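Just so it is clear, the structure is predicted and the values come from calculations on it, not from any experiment. Note that the numbering runs from 1 along the sequence shown for the chain.
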Amino acid sequence: MAPHAQHYAPHFATSSEHPADYNKENHPHYSQHRLSSSEDGYANHAHEPLRVHVERVVRQYFTMLGDEIPTDLYDLILKQVEEPLLSVVLEKTRGNQTKCAQILGLNRGTLRKKLKTYDLM
């Protein structure tokens, strides 16, 4: 991963704020054109499809990087989506891995492997 990209990847990966709420003061390469305003609030975007949220965050990530080119972005994004997906579905099924696997369309063995990967079991 490019050095600059490595600097922003941890924030992209672990930010506790809504990813669309990055502000230009914290990120020097953030353009004057804001893709989403924190003043708008998360609720204004709640009705949008997940793909719209993902697109917004990926575009903002590239804006923050400026001219740097990241590597392993696909893996980074998949991990950031997969872990909360597994966690929420497992919570909704009250820990029932069979139901969780069924909801996710995964083999139970595959689910268990993923749960171990993220320390969710």
*Asks:* Identify whether Leu78 and Tyr61 are in the same connected component of the hydrophobic contact network (ILVMFWY, side-chain heavy atoms under 4.5 Å).
*Replies:* no

*Asks:* If you look only at pairs with a residue in residues 109-121, which of them pass as a side chain to side chain donor-acceptor pair (under 3.5 Å), with sequence neighbours excluded?
*Replies:* Glu82-Lys114, Glu82-Tyr118, Gln97-Arg112

*Asks:* Is Val81 linked to Ile103 within one hydrophobic cluster, defined over Ile, Leu, Val, Met, Phe, Trp and Tyr using a side-chain heavy-atom separation of less than 4.5 Å?
*Replies:* no

*Asks:* Mind checking the CG-CZ spacing from Asp67 to Phe62? Nearest 0.5 Å is all I need.
*Replies:* 12.5 Å

*Asks:* Please report the shortest heavy-atom distance between Cys100 and Leu86, naming the atom on each side.
*Replies:* SG-O, 4.5 Å

*Asks:* Quick check for you: to the nearest 0.5 Å, what is the distance between Gln80 atom CD and Glu83 atom CD?
*Replies:* 7.0 Å

*Asks:* Run the side-chain contact (heavy atoms from CB on, under 4.5 Å) check on Val52 and Arg56 step by step: do they pass?
*Replies:* CA-CA 6 Å; Val52 173; Arg56 181 182 305 116; 3.7 Å; yes

*Asks:* Say whether Val88 and Leu111 are linked into one hydrophobic cluster, either directly or through other cluster members, by side-chain heavy-atom distances under 4.5 angstrom.
*Replies:* no

*Asks:* Quick one: closest heavy-atom pair of Leu120 and Ser87, and the distance?
*Replies:* CD1-N, 4.1 Å

*Asks:* Among the clusters formed by ILVMFWY side chains lying less than 4.5 Å apart, do Val58 and Leu85 turn up in the same one?
*Replies:* no

*Asks:* For Arg51, which residues count as a salt bridge (charged side-chain N to carboxylate O under 4.0 Å, His left out) partner, sequence neighbours excluded?
*Replies:* Glu55

